[in-house]
Amino acid sequence: MGRIGIWLVGARGSVATTAVIGAAALRSGLTAPAGCVTELPDFPGGGLPGVGDLVFGGHDTPDTPLPKRAERLARSGVVPDRLPQLVHEDLIAADAEIRPGIGEQDSRPQAETVAAVAADIAAFRVRRALDRVIVI
């Protein structure tokens with residue numbers, strides 16, 4: 001299936017940050033794929049990408065870096081305490097692919113705004129040599 005980009009709208013939110021942490025932990029063998037249906041024996045060869053083939057990026061309006069957001073999630077008990085440190089490089093890589101989100105302060109015409117968003121996603125695909133990008 002090749003390398004797949006996961007473009008997260010709200011990329012610095014709790015759910016997106018947890019997804020990046022989880023994928024990084026799985027990829028590096030820091031956690032078992034418990035609860036990951038696609039990792040069950042019936043799924044290999046089903047045409048789904050492996051977690052190692054996923055590359056994260058996205059849009060968001062807050063500018064808190066993913067590593068900081070991950071630390072907050074660890075302090076709150078959402079993710080294991082040391083996990084953000086162990087996947088720090090993955091968080092940095094994903095954070096480098098997050099672009100400023102579109103907010104109410106954006107005064108551009110809608111067509112121009114949509115074109116800018118599409119250009120960000122297309123550039124991500126080219127920059128990271130992705131076969132496709134899924135927007136979530």
Side-chain angles (χ1 to χ4, degrees):
M1 181 162 224
R3 289 171 37 94
I4 306 299
I6 305 296
W7 191 262
L8 301 163
V9 177
R12 290 189 172 116
S14 296
V15 172
T17 304
T18 302
V20 173
I21 292 170
L26 281 169
R27 184 173 27 248
S28 61
L30 294 170
T31 190
C36 295
V37 175
T38 58
E39 296 296 316
L40 294 174
D42 294 338
F43 278 90
L48 297 173
V51 70
D53 297 322
L54 303 179
V55 179
F56 292 90
H59 279 112
D60 211 337
T61 51
D63 58 1
T64 302
L66 278 184
K68 279 285 181 214
R69 184 73 177 124
E71 289 171 12
R72 290 180 191 156
L73 291 172
R75 279 195 307 269
S76 299
V78 175
V79 298
D81 192 40
R82 289 185 20 92
L83 197 51
Q85 293 170 328
L86 296 172
V87 299
H88 183 78
E89 293 304 315
D90 292 272
L91 293 168
I92 293 290
D95 195 64
E97 294 294 349
I98 298 174
R99 300 297 174 259
I102 309 304
E104 291 180 18
Q105 74 282 2
D106 194 326
S107 60
R108 295 179 289 185
Q110 284 183 344
E112 191 176 316
T113 301
V114 169
V117 169
D120 285 343
I121 296 168
F124 171 63
R125 183 177 185 197
V126 169
R127 189 172 49 254
R128 298 304 301 265
L130 303 169
D131 294 296
R132 65 183 62 182
V133 176
I134 299 167
V135 178
I136 300 175

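Atoms considered below: every heavy atom in the structure, side chains included; atoms not considered: hydrogens, waters and symmetry mates. Note that this is a predicted model, so its numbers are computed, not measured. Just so you know, residue 1 is the first one in the sequence shown, and it goes up from there.
The closest donor-acceptor contact from the side chain of D60 to the backbone of A11 lies under 3.5 Å.
L130 places a side-chain heavy atom less than 4.5 Å from the side chain of F124. Within the 4.5 Å cutoff, no side-chain heavy atoms of F56 are placed close to those of D90. Side-chain contact check for S14 versus V78: every heavy-atom pair is 4.5 Å or farther apart. Side-chain contact between R99 and I121 is absent, with no heavy-atom pair separated by less than 4.5 Å. I92 places a side-chain heavy atom less than 4.5 Å from the side chain of P67. Side chains of H59 and I102 form no contact here, defined as non-hydrogen atoms less than 4.5 Å apart. In this structure the side chain of L66 reaches within 4.5 angstrom of the side chain of I98, judged on heavy atoms. Taking the side chain as every heavy atom from C-beta outward, V55 and I4 never approach each other to under 4.5 Å.
The two residues A70 and L91 make their nearest non-hydrogen contact at CB-CD1, 3.7 Å. Counting all heavy atoms, side chain and backbone alike, G2 lies closest to D131 at CA-OD2, 2.8 Å.
For the atom pair OG of S107 and CD of E112, the computed distance is 8.5 Å after rounding to the nearest 0.5 Å. How far OG1 of T18 is from CZ of R69: 8.0 Å, rounded to the nearest 0.5 Å. Note that OG1 of T61 and CG of D106 are 11.5 Å apart. Values are rounded to the nearest 0.5 Å. Between the CG atom in L83 and the NE2 atom in H88 there is a gap of 13.0 Å [rounded to 0.5 Å].
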(request) Test side chain to side chain contact (heavy atoms under 4.5 Å, CB included) on E97 and R127 and set out the steps. (result) CA-CA 10 Å; E97 294 294 349; R127 189 172 49 254; 2.5 Å; yes
(request) Please report the C-alpha distance between V20 and L8 in whole Å, then the side-chain angles of each, then the deciding distance to 0.1 Å, and finally whether the side chain to side chain contact (heavy atoms under 4.5 Å, CB included) criterion is met. (result) CA-CA 10 Å; V20 173; L8 301 163; 4.2 Å; yes
(request) Before giving the answer on side chain to side chain contact (heavy atoms under 4.5 Å, CB included), spell out for V133 and R128 the whole-Å C-alpha distance, their side-chain angles and the decisive distance to 0.1 Å. (result) CA-CA 10 Å; V133 176; R128 298 304 301 265; over 6 Å; no
(message) Determine whether T17 and L73 satisfy the following criterion, side chain to side chain contact (heavy atoms under 4.5 Å, CB included), listing intermediate values before the conclusion.
(response) CA-CA 9 Å; T17 304; L73 291 172; 3.8 Å; yes
(request) Go through D95 and R12 one step at a time and tell me if the salt bridge (Lys or Arg N to Asp or Glu O under 4.0 Å) criterion holds. (result) CA-CA 8 Å; D95 195 64; R12 290 189 172 116; 3.0 Å; yes
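L54 and V9 are assigned to two separate hydrophobic clusters, defined by single-linkage of ILVMFWY side chains at heavy-atom distances under 4.5 Å. Criterion: ILVMFWY side-chain heavy atoms under 4.5 Å apart, direct or through other members. Under it, V51 and I134 are part of a common hydrophobic cluster.
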